Amino acid sequence: MAPRLTARQREVVRHLALERDKEIARALGITEAGVRYHVGRVFDALGVRGRSAAVERARELGLLGPDADEDPAT
């Protein structure tokens, strides 16, 4: 069974491939600490230890579209 990510966690993981925490925070209107919190929960939920692994695993599980490594602003 695929892990469940909250809507906010899905938003954060979509940005992980191309953006730093500061940029993600600005894009989502949350603090950098909030981004780090959500990134940690994403890693736990997906059973990974890095940003690129989180994006890859989320994509494999169908939690992201195939273009998650493209600029989310476009």
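Predicted model only: the values in this text are computed from it and were never measured. In this chain, residues are counted from 1 in sequence order.
Taking CZ from F43 and CD from Q9, the interatomic distance works out to 12.0 Å, rounded to the nearest 0.5 Å. Atom CZ of residue R8 and atom NE2 of residue H38 lie 6.0 Å apart, to the nearest 0.5 angstrom.
With sequence neighbours excluded, no residue forms a side chain to side chain donor-acceptor pair (under 3.5 Å) with R10.
When the options T6, V13, V48 are evaluated for a side chain to side chain contact (heavy atoms under 4.5 Å, CB included) with V42, the one that passes is V13.
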Under 3.5 Å, side-chain donor or acceptor atoms of residues 49-57 against the rest of the protein: list the pairs with distances, not counting sequence neighbours.
{"unit_1": "R51", "atom_1": "NH1", "unit_2": "D21", "atom_2": "OD1", "d": "2.9"}
{"unit_1": "R51", "atom_1": "NH2", "unit_2": "E19", "atom_2": "O", "d": "2.9"}
{"unit_1": "R51", "atom_1": "NH2", "unit_2": "D21", "atom_2": "OD1", "d": "3.3"}

Listing, residues 22-35 side-chain donor-acceptor contacts under 3.5 Å, not counting sequence neighbours, or none:
{"unit_1": "E23", "atom_1": "OE1", "unit_2": "R20", "atom_2": "N", "d": "2.8"}
{"unit_1": "T31", "atom_1": "OG1", "unit_2": "G34", "atom_2": "N", "d": "2.9"}

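Considering every non-hydrogen atom in both A45 and P3, the closest pair reads O-CB, 3.2 Å.
Looking only at side-chain heavy atoms (C-beta outward), L5 and L63 come within less than 4.5 Å of each other.
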